[in-house]
2 protein chains.
Amino acid sequence: MQRTLTTLDYTVGEEALASIAKALAHPVRIRILKLLAGETCCFTGELTEIIPMAQSTISQHLKSLLEAGLIQGEINPPKVKYCINRERWQMAREQFSEFFGSASTSGCDCG
Amino acid sequence: MQRTLTTLDYTVGEEALASIAKALAHPVRIRILKLLAGETCCFTGELTEIIPMAQSTISQHLKSLLEAGLIQGEINPPKVKYCINRERWQMAREQFSEFFGSASTSGCDCG
DNA sequence: ATAGTTCATCGTATATTTGCGATGAACTAA
DNA sequence: TTAGTTCATCGCAAATATACGATGAACTAT
């Protein structure tokens with residue numbers, strides 16, 4: 001959107017974390033990732049059979065996961081194999097871990 | 001939206017994780033959380049001074065963080081103090097940790 | 001060549017998110 | 001009472017997200 005008058009510039013870390021979080025912000029994408037993560041190896045469009053959603057919709061979700069870098073695909077005609085991008089997955093894991101670890105454990109008098 | 005014909009029912013965990021991820025899906029909310037997390041104690045609407053955004057916009061972001069349970073507020077007239085909800089924060093941390101830990105580390109032949 | 005399979009992309013409709021200014025509620029200070 | 005402060009909420013506009021069916025690209029099999 002970016003209609004903010006004073007251009008707010010975020011750090012790379014802030015952008016990155018928000019970007020990954022956005023990719024995780026829909027339950028069906030969580031499910032897809034869990035399915036892919038559970039496989040010893042790759043997975044394919046059996047997703048279409050498992051998940052009761054239009055094929056185009058699933059393809060769209062896969063695209064957003066791809067763009068977030070959380071998964072990767074390999075065209076394997078006539079199919080396409082998708083799997084977790086282990087490297088990025090690990091990075092994401094660390095980013096979240098660091099983020100959640102940043103809060104001081106000392107309580108506050110709120111609430 | 002929910003225009004899916006076959007009602008897709010997600011698990012509680014899927015919904016919960018997606019819900020928290022949604023709250024983290026905007027860089028300004030990441031920044032707000034980092035600010036709150038960095039304080040030894042609570043924080044207030046100095047956010048409005050630190051972050052170059054309309055007061056109403058910040059208030060809206062705070063609301064979504066509240067609804068996600070990640071922060072809590074205490075009315076302290078004429079101000080309002082916000083702080084991290086340590087309990088929910090810890091829960092979120094564990095949920096993400098578990099989620100990211102679920103992927104088998106064995107590589108795949110994709111990509 | 002013809003038909004079938006698998007998948008991405010386009011176009012469309014609707015819902016949600018994001019941002020702002022304006023207003024009002026709640027309280028304090030004078 | 002009258003101002004002033006702090007914050008939430010409303011109403012609006014624009015951008016994104018979500019879902020679908022339809023179509024097309026790429027490849028296989030016959």
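Quantities reported herein were computed from a predicted structural model and do not represent experimental measurements.
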Q) Which of the following nucleotides, D/dC20, D/dT9, C/dC7, is nearest to the side chain of A/Val80? A) C/dC7
Q.
On the nucleotide C/dG19, are OP1 or OP2 found under 4.0 Å from the side-chain N or O atoms that B/Thr57 carries?
A. no
Q. Under 4.0 Å between a side-chain N/O of B/His26 and OP1 or OP2 of C/dG19, yes or no?
A. yes
Q: Tell me which nucleotide among C/dC7, D/dA22, C/dC20 gets nearest to the side chain of B/Met53.
A: C/dC20
Q: Identify which nucleotide among D/dT18, C/dT5, D/dT6 has an atom closest to any side-chain atom of B/Pro78, counting heavy atoms from C-beta outward.
A: D/dT6
Q. Considering heavy-atom distances to DNA chain C, does B/Ser64 or B/Gln55 have its closest nucleotide positioned more toward the 5' end?
A. B/Ser64
Q: Between C/dC20, C/dT9, D/dA8, spot the one nearest the side chain of B/Tyr82, thanks.
A: D/dA8
Q) According to the interplanar angle, ranging from 0 to 90°, do the rings of A/Tyr10 and B/His26 count as parallel (below 30°), tilted (30 to 60°) or perpendicular (above 60°)? A) perpendicular
Q) Of the nucleotides C/dT9, D/dC27, C/dT6, which one has an atom closest to the side chain of A/Lys63? A) C/dT9
(Q) Assess the residue pair A/Phe96 and A/Ile20 against the criterion (side chain to side chain contact (heavy atoms under 4.5 Å, CB included)); give the C-alpha distance rounded to whole Å, side-chain angles, the decisive distance to 0.1 Å, and a yes or no. (A) CA-CA 9 Å; A/Phe96 274 101; A/Ile20 300 176; 3.7 Å; yes
Q: Apply side chain to side chain contact (heavy atoms under 4.5 Å, CB included) to the pair A/Lys34 and B/Leu17, showing each step before the final yes or no.
A: CA-CA 12 Å; A/Lys34 285 207 299 188; B/Leu17 198 58; over 6 Å; no
Q. Do any side-chain nitrogens or oxygens of B/His61 fall under 4.0 Å of OP1 or OP2 in C/dT17?
A. no
Q. Applying the 4.5 Å side-chain criterion to the ILVMFWY set and letting contacts propagate, would B/Ile75 and B/Leu65 be lumped into a single cluster?
A. yes
**Q.** Residue closer to the 5' end of DNA chain D, A/Lys22 versus B/Thr48 (nearest nucleotide)
**A.** B/Thr48
